[in-house]
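One structure below.
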Amino acid sequence: MEMRRGAFQFGYWWIHVTWAGTIVHKVSFSRTGEEADIPLQLRQYLNGKVNGISPLTSVALESDYPYSKIYREVSKIPYGITKTYSEIAEITKTNPRLVGNAMKRNPTPLIIPCHRVVAKEGIGGFTPDIEIKKSLLLMEQKFSKSLNLS
DNA sequence: TCTGTTATTGCGC
DNA sequence: GCGCAATAACAGA
């Protein structure tokens, strides 16, 4: 399967995606970019038009990745829902601190919905910009609410 | 190898 | 409120 690279503008940030088929290998952020195709499901998700990115998955879920247990648990969090670092830590028998570490080193944010993991009191963090996390959570909340109404 | 660094939390003061 | 330990992967030296 051929590896492809694309970019999508989201607010003030560009989201760069590297993928092959339905497996996403890398997601990164930068201030500048140039429009280039990304997987359709991801684009619709970022536009707030669908409540998920199925069938896309991440290389980080492959079992030989160090934090894969944490990543698998995080990817189970449904659209529009948030969990805390400590909840993930309890399930994976690790430490909340380590969960934060895993999120920071997440090679594919969005695909692994690390923005749905928040601190017990507060939002937690996000690299490179907390505003991205806030926008994503706000967008998900709005869209899931509109689904309930219809 | 060894050390410093995390997107945290809960407890003691 | 503040300081600190728990705890494991990783980068850089």
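A quick note: this is a predicted structure, and the numbers were derived from the prediction, not measured. Per chain, numbering begins at 1; letters A, B, ... match sequence-line order.
A cation-pi contact, defined as under 6.0 Å to the ring centre and within 45° of the axis, links A:R31 to A:W13.
The neighbour count for A:E62 CD, taken as heavy atoms of other residues, nucleotides or ligands under 6.0 Å away, is above 12. Within 6.0 Å of atom CD in A:E35, more than 12 heavy atoms from other residues, nucleotides or ligands are found, so the atom counts as buried in its surroundings.
For the 3.5 Å distance criterion, the side chains of A:R105 and A:N101 qualify, holding a donor opposite an acceptor.
Rounding to whole angstrom units, CD1 of residue A:I130 and C1' of B:dT8 are separated by 14 Å. When the C1' atom of B:dT8 is taken as reference, atom NZ of A:K133 falls 11 Å away, rounded to whole Å.
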At a cut-off of 3.5 Å, list every protein nitrogen or oxygen paired with a nitrogen or oxygen from nucleotides 10-13 of chain B, distance to 0.1 Å.
from	atom 1	to	atom 2	distance (Å)
B:dG10	OP1	A:K120	NZ	2.7
B:dG10	OP2	A:K120	NZ	3.1

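Placement of A:Y79 and A:V27 within a single hydrophobic cluster is found when ILVMFWY residues are connected by side-chain heavy-atom separations under 4.5 Å, directly or transitively.
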Dot-bracket pairing map - DNA chain C, Watson-Crick plus G-U, both contacts under 3.5 Å, | cross-strand = ||||||.||||||
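Ring orientation note: the planes of A:Y45 and A:H115 are tilted relative to one another, at an angle of 30° to 60°.
Put simply, the side chain of A:T82 does not reach to within 4.5 Å of the side chain of A:I77, judged on heavy atoms. Two residues are said to be in side-chain contact when any heavy atoms from C-beta on lie closer than 4.5 Å; A:K83 and A:R116 fail this criterion.
Expressed to the nearest 0.5 Å, how far OH of A:Y71 lies from OG1 of A:T92 amounts to 12.0 Å.
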message = Across nucleotides 7-13 of chain C, 5' to 3', mark each nucleotide with B, S or - according to how protein heavy atoms within less than 4.0 Å reach it.
response = SBBS---
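A:A60 and A:S68 get closest at one heavy-atom pair: O-CB, 3.5 Å.
Atom name P, nucleotides B:dG4 and C:dC4: the rounded distance is 16 Å, in whole Å.
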